[in-house]
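Okay, structure first, notes after.
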Amino acid sequence: MHFTRDDNLYEDFVVGETIVHPRGRTISDEHMMWTNFVLNTAQLHFNQKMCDDSPETTFNGRRVVYGGIVFAFVAGLASEETEENALAHLSYDEGRHLNPVFAGDTLFAESTVLSKTDDDPRLSAVSKAGQAGVVKLLLRGKNQKGEVVLEITRELAVLKREFRP
Amino acid sequence: MGETRRLVVRGRFYEDFKVGDIYRHHWGRTLEAGEAQFFATATMNAVPLYFNKLHAQALGHPAPPVHPLLVMNVVFGMTVEDLSEQALAHLGYWKMTFPRFVYPGDTLLSSSEVLDKRESGSKPDRGIVHVRTTGTNQRGEEVCLYERKILVKKRSAYGGR
């Protein structure tokens, strides 16, 4: 019994390909719970009165969704095609929140394969010799209007096919 | 005797940051198995490593580890009162790594160093603060590192609020 798919292993990543992930996810006012869940105390995410009183220092008086949760949801939307057979997240870099997200917006995700290699010293800490490779991806989150809300590069250590448990 | 009232305002303004300062964020946060599994499933993170014990053990883990993006979010969340409760926006992340896995029962702590600060080129009421945040476990081992830039209000412009 395998718990993962067999089409998202190291060998399956094609450098230059952009994977358009299949699902969207509408964010509701639940985002305030997520903000509080991780101890983020920035009120512009969850205090409507403060936003009403300070439209010039908030997003025109709207409660903006905390970016770390946008990041988590975009990664979730991309996960089955990119991360399901990953052993570890090696790095993220060049991450930008390019447009705000509000309750009611729907998020989508795309991943572009930037490079791959099975010769990387970091692999020895997360896998046995020869069992995995590093895939570098550009993860991009978009809203329902097609505007990019998040861009970030990531390196995942991904299993090779013959070692899938 | 008159009633005494004291308005508490949290969060640093641009002027309060000094390059080289290190903030050891208080609180700490123990992560439990249920919330780790809740995070992975509720963000549709379709990776059984984080919610299926059989699969995690097949990959050599004693139990499903905590998803790195929950680790990052908790490490980040604990920094907000010191770094960005008065922020206008979070601009981005750089050089994020996860040197060790976090398992349920581990307690996360955060600290941050101010790497740089500069005034906004276009708006005189704000500035950009560049920090490096380090998340550690209860043994002091690093579990999440990243740099972040924050757009912060100036006290001179907004301190009266």
Side-chain angles (χ1 to χ4, degrees), chain A residues 1-5 23 25 30 34-44 50 53-54 56-59 64 66-69 71-77 79-81 83-98 100 122 125-128 150-152 154-155 159 165, chain B residues 10-11 25 27 29 35 38-50 52 54-55 57-60 65 67-81 83-101 125-126 146-148 153 157-158 161:
Chain A
M1 169 79 201
H2 294 293
F3 294 119
T4 58
R5 298 179 64 92
R23 307 184 186 101
R25 173 68 156 81
E30 71 187 305
W34 285 105
T35 303
N36 301 148
F37 178 66
V38 301
L39 297 173
N40 181 335
T41 52
Q43 299 191 79
L44 79 173
M50 190 196 83
D53 291 346
S54 312
E56 74 285 3
T57 59
T58 60
F59 290 79
V64 69
Y66 157 50
I69 290 309
F71 184 4
F73 273 111
V74 170
L77 289 166
S79 62
E80 194 171 356
E81 288 73 45
E83 223 197 294
E84 200 186 52
N85 277 300
L87 296 173
H89 296 221
L90 298 176
S91 79
Y92 288 85
D93 203 1
E94 304 292 331
R96 289 283 195 161
H97 290 288
L98 297 167
R122 293 171 295 173
V126 295
S127 67
K128 295 196 178 81
L150 171 74
E151 266 190 0
I152 194 163
R154 64 195 313 210
E155 291 175 296
L159 269 179
Chain B
R10 299 287 189 203
H25 311 298
W27 294 341
R29 173 88 154 76
E35 48 193 9
F38 172 75
F39 176 89
T41 53
T43 63
M44 295 200 298
N45 208 285
V47 184
L49 172 60
Y50 303 108
N52 177 335
L54 297 178
H55 188 68
Q57 289 176 338
L59 291 173
H67 194 281
L69 293 183
L70 177 55
V71 172
M72 185 281 290
N73 268 288
V74 168
V75 168
F76 186 123
M78 290 190 290
T79 71
V80 169
E81 190 181 272
L83 298 180
S84 55
E85 192 154 333
Q86 294 293 346
L88 297 158
H90 161 51
L91 300 176
Y93 323 78
W94 288 265
K95 300 180 186 172
M96 184 184 295
T97 57
F98 299 94
R100 277 176 192 74
F101 286 100
D125 63 343
R126 60 196 65 187
Y146 62 86
E147 294 180 18
R148 176 182 172 215
K153 297 174 198 168
Y158 298 102
R161 303 213 172 186

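Computed over heavy atoms, backbone and side chain alike; hydrogens, waters and symmetry mates excluded.
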Is the closest side-chain heavy-atom distance between [X] and [Y] below 4.5 Å?
X       : Y       : value
B/Asn73 : A/Trp34 : no
A/Glu84 : B/Pro48 : yes
B/Tyr93 : A/His97 : yes

Max heavy-atom pair count under 4.5 Å with chain A, selected residue of [options]:
options                            : answer
B/His67, B/Arg148, B/Met72         : B/His67
B/Pro65, B/Pro68, B/Gly11, B/Ala58 : B/Pro68
B/Asn52, B/Thr97, B/Asp125         : B/Asn52
B/Thr79, B/Leu69, B/Leu70          : B/Leu69
B/Ala89, B/Ala46, B/Ala40          : B/Ala46

Between [X] and chain B, which part of the residue has a heavy atom less than 4.5 Å away: side chain, backbone, both or neither?
X        : value
A/Ala125 : neither
A/Ile152 : side chain
A/Leu98  : neither

Output the option from [options] having the highest count of non-hydrogen pairs under 4.5 Å with chain B.
options                             : answer
A/Phe73, A/Phe59, A/Tyr66           : A/Tyr66
A/Glu151, A/Arg25, A/Glu80, A/Glu83 : A/Glu83
A/Ser79, A/Ala86, A/Pro100          : A/Ser79

Q: May I ask you to check whether over 12 heavy atoms, not counting those of A/Arg122, lie within 6.0 Å of atom CZ?
A: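 Yes, the 6.0 Å shell around CZ holds more than 12 heavy atoms from other groups.
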Q: Please list, chain by chain and in numerical order, all residues satisfying side-chain hydrogen bond (donor to acceptor under 3.5 Å, both in side chains) with A/Tyr92, sequence neighbours excluded.
A: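 For A/Tyr92, the residues satisfying side-chain hydrogen bond (donor to acceptor under 3.5 Å, both in side chains) (neighbours in sequence not counted) are A/His89, A/Arg154.
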For [X], is it the side chain, the backbone, both or neither that has a heavy atom under 4.5 Å from a heavy atom of chain A?
X        : answer
B/Lys95  : both
B/Leu88  : both
B/Tyr146 : neither

Q | B/Glu35: side chain to side chain contact (heavy atoms under 4.5 Å, CB included) partners, not counting sequence neighbours | A |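 Result, side chain to side chain contact (heavy atoms under 4.5 Å, CB included) vs B/Glu35: A/Phe37, B/Arg29, B/Leu31, B/Glu32.
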(Q) Looking at every heavy atom in both B/Trp27 and A/Leu39, which two are closest together, and how far apart are they? (A)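 Scanning both residues completely, I find the closest heavy atoms to be CZ3-O, 3.9 Å.
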Q. Any idea which heavy atoms bring B/Leu59 and A/Pro165 closest together, and the distance?
A.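 Closest approach of B/Leu59 to A/Pro165, heavy atoms only: CD2-CG, 3.6 Å.
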Q: Begin from the C-alpha positions of B/Phe76 and A/Val38 and carry the test side-chain contact (heavy atoms from CB on, under 4.5 Å) through to its verdict.
A: CA-CA 8 Å; B/Phe76 186 123; A/Val38 301; over 6 Å; no
Please round to the nearest 0.5 Å and tell me the distance separating atom [atom1] of [X] and atom [atom2] of [Y].
X        : Y       : atom1 : atom2 : answer
B/Leu49  : A/Leu87 : CG    : CG    : 8.0 Å
A/Arg96  : B/His90 : CZ    : NE2   : 10.0 Å
A/Glu155 : B/Met96 : CD    : CE    : 13.0 Å

Q) Hey, mind stepping through A/Thr41 and B/Glu81 against side-chain hydrogen bond (donor to acceptor under 3.5 Å, both in side chains) and telling me if it holds? A) CA-CA 6 Å; A/Thr41 52; B/Glu81 190 181 272; 5.0 Å; no
